[in-house]
Colleague: 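Would you mind keeping the following structure in view while I ask a few things?
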Amino acid sequence: MNEKFLKPYNPLETEPRIYKTWEESGYFNPDNLPERHKESFTLIMPPPNANGSLHVGHAAFVTIEDLLIRFKRMRGFKTLWLPGADHAGFETQVVYEKKIEKEGRSRFGMDPEILRSEIMDFTLGNKKFMEGQIRQLGASCDWSREKFTLDPDIIKIVYATFKQLSNDNLLYRGKRMVNWCVKHQTSLSDLECASVEQNDKLYYLKYGPFTVATVRPETIFGDVAIAVNPNDPRYKKYIGQDVVVKNPIGELTLKVIADEVVEIEFGTGALKVTPAHDANDFKLAEKNKLPIIEVIDKNGRLNEKTGKYAGMKIKEAREKVVADLEAMGLMEKIEDYKHSISTCYKCNSTLEPRVMPQWFVDVKPLAQKAIEAIAKEEIKFVPERYNKICTQWLENIIPWNISRQIVWGIPIPAKICNSCEEGIVDVENSITKCPKCGGEVRKETDTFDTWFSSGQWPFATLGYPDGKDFKAFYPTSVMETAADIVFFWVMRMAMFGLYRTGKVPFKDVYLHGLVNDKHGKKMSKSKGNVINPLEISDKFGTDAMRMGIIIGNTPASDVSFSDDKIRGYKNFANKVWNITRFVLTSVEGFDIESKPELTDTDTTIIAELAATTTDITNDIDNYRFYMAAEKIYHYIWHTFADVIIENSKVAIAGTDEKAKKSAQYTLYKILTTSLKVLHPFMPFVTEEIWAYLPHKDKKLLMIEEWPN
RNA sequence: GGGCGGUUAGUUCAGUUGGUUAGAACGCACGAUUCACAUUCGUGAGGUCACAAGUUCGAAUCUUGUACCGCCCACCA
């Protein structure tokens with residue numbers, strides 16, 4: 001026995017050394033795996049946003065994915081776990097803006113190219129740092145295949161998709177209602193809007209022969225119509241007529257239109273229509289061919305069409321307009337009103353509905369394919385209820401705004417006509433005249449929604465369409481990610497994967513939940529309950545942290561995480577260490593390669609070991625990682641150590657040679673089997689111990705055969 | 001407004017198609033300990049499984065309803 005075992009297990013010293021051994025072995029790369037690894041098993045790592053440090057959520061996915069990949073590797077699969085990093089467009093730009101704000105600078109007014117290159121430096125720096133952290137967590141991913149969302153080959157594939165969508169008439173640039181964030185000066189997709197309940201006022205304005213109810217009296221200068229329900233007897237006589245209404249800066253002539261969407265019961269049953277600043281009104285305007293009059297600008301201020309209110313911010317303008325309407329005797333009443341508004345998911349500021357020319361993808365036909373794939377179980381979710389949740393989301397999908405007015409992203413490869421505003425897809429950057437009107441064109445300055453590129457991640461990283469990896473590893477086996485990005489990411493991958501390759505991008509989707517603090521509360525900087533996984537790893541060892549993440553972590557439900565829990569698993573690592581010490585001492589002088597005749601007791605013990613192994617294998621195969629982890633923990637500590645080892649002491653110390661040999665064989669067999677089964681959960685301590693075991697033909701534990 | 005998830009020991013959670021006395025980890029109490037390990041070992045306390053009704057020989061588990069917590073979706077201005 002090595003004298004190393006006389007001291008307690010030291011994870012801090014062991015882990016970096018072991019990781020180096022693994023990495024240098026080359027076995028992270030499926031091409032280097034021994035002959036027995038034939039059937040491929042592919043897992044694409046969700047690329048972390050390269051804009052900060054790893055948090056506990058990253059630790060969760062690295063742990064679960066590494067567990068799965070190590071298990072499959074030992075089972076003899078040709079395992080590829082492909083790592084990556086995401087430039088994370090808007091997210092990263094927001095982080096960077098905050099950083100430069102602290103330095104007293106602002107993104108606005110900066111040369112876009114300079115800003116872009118600064119963010120690039122920032123991102124690449126973070127990316128490198130995070131790669132080190134992912135290594136610290138023990139990730140056995142193939143670094144030689146690592147991808148970044150801004151790699152030229154990825155961009156090429158993303159552009160080809162853009163082009164194909166255009167060819168298939170699924171892409172258009174048009175003036176549509178977008179969600180505009182005044183603070184960040186960009187539009188956002190519907191998924192990036194958070195709805196928040198808010199107490200406002202509902203104003204009843206005397207408006208010509210009507211009284212209309214509105215929460216936004218400051219937009220009256222952009223009104224183009226009054227809408228009523230066609231079946232409302234009060235207003236039937238006005239439908240189709242023009243009415244003159246007064247406002248504080250003059251008069252407007254509005255058309256009275258009828259539409260079923262108008263609720264007779266709500267307010268007065270008459271609705272002022274402001275197409276430029278309300279999504280519903282925009283739809284009404286399209287239907288009824290009404291003009292669109294913009295009165296609020298991109299900075300959230302009233303524009304020149306509003307006379308004396310021009311330049312005021314919305315809130316101030318609302319107060320002034322209300323006061324002026326009251327003075328004119330046009331305000332009938334004001335009620336308290338609770339409703340939901342759309343806010344920016346990053347800064348919580350109220351989003352302004354605005355009409356802007358943007359690029360939209362008509363995702364409906366793509367969604368249909370994804371719905372079919374889920375129905376045919378070509379894609380299966382763990383937990384199962386997500387089959388339904390995702391199907392419902394896909395069924396109600398709306399066109400996707402992929403334009404962002406930020407510099408940090410993949411530029412949209414297109415030209416815009418200066419005279420007719422036509423958007424022309426131009427991947428080759430060769431178009432100089434508008435094909436529609438012959439006008440001069442300018443380069444599009446918008447960038448893609450970051451999910452447009454990451455939505456193509458599985459086939460893009462594998463080199464679609466001609467790469468040998470694409471042929472060998474696509475469709476991927478499992479997509480493992482956080483439940484809160486299923487719509488953003490998983491659904492987009494499902495749609496794009498089917499659209500581009502005709503095949504599902506992954507077969508199983510395993511969703512994990514949020515990692516919360518020890519009382520189940522969400523971690524947040526303001527609450528001060530944020531746990532840094534790297535600190536935990538330094539303090540208790542990565543293996544202990546991994547166990548803490550897996551045990552208690554059921555699919556798509558949140559898991560609680562605390563020091564106390566991890567401490568117990570640190571003790572467990574040491575327990576395994578000491579078990580080894582005992583077993584190695586006990587088998588001294590015994591021929592490890594021999595198979596002696598076993599006592600009845602030992603035969604039973606070996607049979608129980610096999611049953612436990614089968615049980616655990618079955619749990620992992622069915623994504624019950626939390627259960628598998630508890631079972632191996634319990635078996636090693638409370639069956640192997642507390643019972644089997646204790647009971648073996650008589651035979652080991654005794655003179656009955658037959659019983660002694662049987663016990664020695666049994667102890668060693670259980671030790672090696674346990675180490676194998678424990679390896680995917682606690683890779684470092686098991687690999688370290690494995691190196692000191694005396695039997696022949698030993699390989700690295702990471703590529704040993706999983707016990708049957 | 002619609003939908004989903006949760007509610008089990010002091011705490012965090014399991015409970016795999018309904019089946020003996022409902023489990024684990026941590027915590028707690030008491031005791032042990034030169035013999036692999038004090039990062040240890042043994043023993044133990046602790047639960048009307050949110051509530052109500054129903055199905056069943058049998059319910060934490062299935063049905064219905066209620067309450068509270070959390071999440072997602074939604075264009076009544």
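What's counted below: heavy atoms across the whole structure, side chains too, no hydrogens, waters or symmetry copies.
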Colleague: To the nearest angstrom, how far is A:Tyr626 atom OH from B:G15 atom C1'?
Modeller: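 That distance rounds to 9 Å.
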Colleague: Using the closest heavy atom to pick a nucleotide of RNA chain B for each, name whichever of A:Ser195 or A:Thr214 lands nearer the 5' end.
Modeller: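 It is A:Ser195 whose nearest nucleotide is closer to the 5' end.
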Colleague: For the ring pair A:Phe210 and A:Tyr235, is the centre-to-centre distance below 6.0 Å?
Modeller: yes
Colleague: Starting from C1' on B:C72, measure out to CD1 on A:Ile485 and report it in whole angstrom.
Modeller: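 Whole-Å distance recorded here is 16 Å.
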Colleague: Suppose we define a pair by two distances each less than 3.5 Å, Watson-Crick or G-U wobble; what does B:U20 pair with here?
Modeller: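 Looking at the geometry, B:U20 pairs with no nucleotide.
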Colleague: Could you check which nucleotide pairs with B:A52 in any of the strands shown, counting Watson-Crick or G-U wobble with both distances under 3.5 Å?
Modeller: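 Result: B:U64.
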Colleague: Taking only side-chain nitrogens and oxygens of A:Thr554, does any of them come within less than 4.0 Å of OP1 or OP2 of B:C13?
Modeller: no
Colleague: Go ahead and name the base partner of B:C41; Watson-Crick or wobble counts if both distances stay under 3.5 Å, otherwise write none.
Modeller: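 Its partner is B:G31.
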Colleague: Given that both distances must come in under 3.5 Å, which nucleotide forms a Watson-Crick or G-U wobble pair with B:A25?
Modeller: B:U11
Colleague: Give A:Lys283 one of three labels, base, sugar-phosphate or nothing, depending on what nucleic acid heavy atoms sit under 4.0 Å from its own.
Modeller: base
Colleague: What interatomic distance, in whole Å, is found between P of B:C28 and the corresponding atom of B:U11?
Modeller: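 Pairwise P distance, B:U11 against B:C28, rounds to 15 Å.
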Colleague: Looking only at side chains, do A:Glu480 and A:His512 share a donor and an acceptor under 3.5 Å apart?
Modeller: yes
Colleague: Over 60° means perpendicular and under 30° means parallel, so classify the ring planes of A:Tyr337 and A:Phe266, tilted if in between.
Modeller: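 Ring orientation of A:Phe266 relative to A:Tyr337: perpendicular.
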Colleague: Between atom CG in A:Leu394 and atom C1' in B:C72, what is the gap in whole Å?
Modeller: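 That distance rounds to 15 Å.
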Colleague: Could you check whether A:Phe681 and A:Tyr633 have their ring centres less than 6.0 Å apart?
Modeller: no
Colleague: Just how far, in rounded Å, is P of B:C41 from CG of A:Asn578?
Modeller: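 These atoms are roughly 10 Å apart.
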Colleague: With a 4.0 Å cut-off on heavy atoms, is A:Gly541 in touch with a base, just the backbone sugar-phosphate, or nothing at all?
Modeller: nothing
Colleague: Counting heavy atoms from C-beta on, name the nucleotide in B:C13, B:U16, B:A36 closest to the side chain of A:Asp619.
Modeller: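 From the listed options, B:U16 comes nearest.
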Colleague: In whole angstrom, what separates A:His339's NE2 from B:C75's P?
Modeller: 14 Å
Colleague: Is any side-chain nitrogen or oxygen of A:Lys631 closer than 4.0 Å to OP1 or OP2 of B:A14?
Modeller: no
Colleague: Does the side chain of A:Trp637 get closer than 4.0 angstrom to OP1 or OP2 of B:C41 through an N or O atom?
Modeller: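 So the side-chain polar atoms of A:Trp637 do come within 4.0 Å of the phosphate oxygens OP1 or OP2 of B:C41, strictly under.
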Colleague: Rounded to whole angstrom, note down the P distance from B:U48 over to B:G10.
Modeller: 8 Å
Colleague: Expressed in whole Å, how much space separates the P atoms belonging to B:U61 and B:C49?
Modeller: 10 Å
Colleague: Within this structure, what is the CG-to-P distance between A:Asp558 and B:A14, rounded to whole angstrom?
Modeller: 10 Å
Colleague: Please give the distance between the C1' atoms of B:U63 and B:G1 as a whole number of Å.
Modeller: 26 Å
Colleague: Expressed as a whole number of Å, how far does the C1' atom of B:G3 sit from that of B:A77?
Modeller: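 Pairwise C1' distance, B:G3 against B:A77, rounds to 25 Å.
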Colleague: In the strands shown, is B:G5 matched to any nucleotide by a Watson-Crick or G-U wobble pair with both distances under 3.5 Å, and which?
Modeller: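 Paired with B:G5, as far as the under-3.5 Å criterion goes, is B:C69.
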Colleague: Would you please indicate if the ring centroids of A:Tyr668 and A:Phe590 are separated by under 6.0 Å?
Modeller: no
Colleague: For the side chain of A:Ser557, starting at C-beta, report the closest nucleotide among B:A36, B:A14, B:A74.
Modeller: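 That would be B:A14.
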Colleague: Report the distance from atom CZ of A:Phe561 to atom CG of A:Asn516, rounding to the nearest 0.5 Å.
Modeller: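 If we round to the nearest 0.5 Å, A:Phe561:CZ and A:Asn516:CG are 11.5 Å apart.
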Colleague: To the nearest angstrom, how far is A:Lys565 atom NZ from B:C26 atom P?
Modeller: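 Distance check: A:Lys565 NZ to B:C26 P gives 12 Å.
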Colleague: Does A:Tyr633 place a side-chain N or O at less than 4.0 Å from the phosphate oxygens OP1/OP2 of B:C26?
Modeller: yes
Colleague: Does B:C37 have its OP1 or OP2 closer than 4.0 Å to a side-chain nitrogen or oxygen of A:Tyr9?
Modeller: no
Colleague: Mind checking A:Ala653 for me? I need base, sugar-phosphate or nothing, with any heavy atom below 4.0 Å counting as a touch.
Modeller: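 A:Ala653: no heavy atom of the nucleic acid under 4.0 Å.
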Colleague: Does A:Asn280 make a side-chain donor-acceptor contact with the base of B:C75, cut-off 3.5 Å?
Modeller: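 Such a pair exists between side chain and base.
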Colleague: Nearest to the side chain of A:Lys388, heavy atoms from C-beta on, is which of B:C76, B:C4, B:C13?
Modeller: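 When the side chain of A:Lys388 is considered, B:C4 is the closest of B:C76, B:C4, B:C13.
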Colleague: Within 45 degrees of the axis of the six-membered ring of A:Phe582 and under 6.0 Å from its centre: does A:Lys649 put its NZ or CZ there?
Modeller: yes
Colleague: Have a look at A:Ala213 and say if it touches a base, only the backbone sugar-phosphate, or nothing, with a 4.0 Å heavy-atom cut-off.
Modeller: base
Colleague: Determine whether a donor-acceptor pair (one donor, one acceptor, N or O, separation below 3.5 Å) exists between the side chain of A:Lys575 and the base of B:C37.
Modeller: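 Side chain to base: pair present.
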Colleague: What's A:Arg216 touching, base or sugar-phosphate or nothing? Going by heavy atoms closer than 4.0 Å.
Modeller: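 It contacts nothing in the nucleic acid.
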Colleague: Over how many whole Å does the gap from A:Asp564 atom CG to B:G10 atom P extend?
Modeller: 17 Å
Colleague: Of all the choices, B:A74, B:A25, B:C13, which nucleotide is nearest to the side chain of A:His638 once you look at every atom?
Modeller: B:A25
Colleague: Can you tell me how far C1' in B:C51 sits from the matching atom in B:U8, rounded to whole Å?
Modeller: 14 Å
Colleague: Phosphate oxygens OP1/OP2 of B:C73: is one of them under 4.0 Å from a side-chain N or O of A:Asn396?
Modeller: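 No, no such contact exists.
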Colleague: Across the strands shown, which category fits A:Val262 at heavy-atom distances under 4.0 angstrom: base, sugar-phosphate, nothing?
Modeller: base
Colleague: Taking any strand in view, what nucleotide pairs with B:C75 in a Watson-Crick or G-U wobble way, both distances under 3.5 Å?
Modeller: none
Colleague: Among B:A74, B:C13, B:C37, which nucleotide has an atom closest to any side-chain atom of A:Ser340?
Modeller: B:A74
Colleague: Looking only at atom P, what distance separates B:G47 and B:A36, rounded to whole Å?
Modeller: 38 Å
Colleague: Assess the side chains of A:His339 and A:Asp200: does a donor N or O sit below 3.5 Å from an acceptor N or O?
Modeller: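 A donor-acceptor contact under 3.5 Å links the two side chains.
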Colleague: Any side-chain to backbone donor/acceptor pair from A:Asn387 onto A:Glu384? Under 3.5 Å, distance only.
Modeller: yes
Colleague: Heavy atoms only, 4.0 Å cut-off, all strands: where does A:Glu265 land among base, sugar-phosphate and nothing?
Modeller: nothing
Colleague: Considering just the side-chain nitrogens and oxygens of A:Tyr337, establish if one lies under 4.0 Å of OP1 or OP2 belonging to B:C76.
Modeller: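 For B:C76, neither OP1 nor OP2 has a side-chain N or O of A:Tyr337 closer than 4.0 Å.
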Colleague: For the residue pair A:Thr219 and A:Lys272, confirm or rule out a side-chain donor-acceptor distance under 3.5 Å.
Modeller: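 Yes, side-chain donor-acceptor contact under 3.5 Å.
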Colleague: Between B:U39, B:C4, B:C41, spot the one nearest the side chain of A:Asp642, thanks.
Modeller: B:C41
Colleague: Remember a base hit wins even if backbone is also touched, and classify A:Leu202 as base, sugar-phosphate or nothing at under 4.0 Å, heavy atoms.
Modeller: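 The residue A:Leu202 makes no contact with any strand.
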Colleague: Using heavy-atom distances to pick each residue's nearest nucleotide on RNA chain B, tell me which of A:Glu646 and A:Asp615 is more 5'.
Modeller: A:Asp615
Colleague: Expressed as a whole number of Å, how far does the C1' atom of B:A9 sit from that of B:A50?
Modeller: 15 Å
